[in-house]
Amino acid sequence: MWFVILLTSCGTPRIIVKETGNGPAKSISQPHVLFVITKENPKLNDSLLIGTIATKHNAFTGDCNLRQVKQAAKKEAQEIGGNLIFITKHKSPNALLNPCHRIRGKIYYVPNPEVFEKEILWTPNRKLKVTDFKGTSEDKPFLAATNAYFGYATSIKSKENLVIVEVDTYFDCKASYFKNNKNKSLVLSHEQTHFDITELYARKFIQRLQLEIKNYKDLIKKVERIGDEINQELQLKQQAYDTDVYSNFSQQSYWDEWAETGLRALAMYKNKTISRPYKEN
């Protein structure tokens, strides 16, 4: 799967948080703590509600694409101890009136946030679990299947004359399934490597952009072609991986090492972000 988000320049988001007084005693802003942002009503008891949140914009330069707005909202929610935001309202950019994404939502602290995850962002410390696979396995041909993809978002910083490209790799929980079987750990390891291979090709994509994109015009002209080429390579590699392992299960360790080696070789691209001149001087 492949997605594109192209955005105009916009204002740095201003976050308004109102606490209810129900929050936990301390902030949970430590790295690697699970945090969920969802548009699907989690139908939670009000006793778990610890605040409300709204984002606004201040000007016409800054960071306010949807990815950046969510990151800013997450940071503020964690400061009051939240680990889940339910987005109750989302306004898309309007080039004439307000070029920023704006969200309103409710902040909750829940003991089991993973129950509400719809997608998982790839990170080296977050390994897949059987419970992450939330799709139905009925009438499905394999023991398990991973639906993973990478995509990019762009934003423009007019004052700095920069266009920023940010790439992320995701696991789609609802589109992935896992059947009950006696070799769960082996099957889970196989699926994790599918996810890792997707991350590897996301890094290859940002590497190609780093090498081939010189400015904003280049980006507009070349990014879809580069993305399609990398995505085709990814699908072929995923198919080769399955074919190899299904024919000889001892090959699993080879592919695990292949993916780990590839990620290390592309470690300089792990942040998956580049910036280029927006307008030529």
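All figures in this text were calculated on a predicted structure; none of them were measured in a lab.
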Might you work through the side-chain hydrogen bond (donor to acceptor under 3.5 Å, both in side chains) test for K91 and H101, ending with a clear yes or no? CA-CA 6 Å; K91 289 187 177 181; H101 283 267; over 6 Å; no
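- V165 and M268 fall within a single hydrophobic cluster, where Ile, Leu, Val, Met, Phe, Trp and Tyr are joined by side-chain heavy atoms under 4.5 Å apart, directly or via other members.
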Could you go through W122 and D168, starting from their C-alpha distance and side-chain angles, then the distance that decides it, and tell me whether this counts as side-chain hydrogen bond (donor to acceptor under 3.5 Å, both in side chains)? CA-CA 8 Å; W122 189 96; D168 286 314; over 6 Å; no
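- The aromatic ring centroids of F150 and Y170 lie 6.0 Å or more from each other.
- Within the 3.5 Å criterion, the main-chain N or O of T55 finds no donor-acceptor partner in the side chain of R104.
- For Y246 and H190, the ring centers are positioned less than 6.0 Å apart.
- Residue Q238 is tested with T198, T193, T146 for a side-chain hydrogen bond (donor to acceptor under 3.5 Å, both in side chains); the sole match is T198.
- For the residue pair K184 and N180, a side-chain donor N or O sits within less than 3.5 Å of a side-chain acceptor on the partner.
- Remark: side-chain polar atoms of K134 are paired, donor with acceptor, to backbone N or O of E117 under 3.5 angstrom.
- With a 6.0 Å radius and a threshold of 12 heavy atoms from other residues, nucleotides or ligands, K106 has its NZ atom at or below the threshold.
- Applying the 6.0 Å contact sphere to NZ of K222 captures more than 12 heavy atoms from other residues, nucleotides or ligands.
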Pair T273-E166, side-chain hydrogen bond (donor to acceptor under 3.5 Å, both in side chains): steps then yes or no: CA-CA 5 Å; T273 300; E166 298 167 297; 4.7 Å; no
Working for side-chain hydrogen bond (donor to acceptor under 3.5 Å, both in side chains), residues Q252 and Y241: CA-CA 9 Å; Q252 182 65 54; Y241 168 45; 2.7 Å; yes
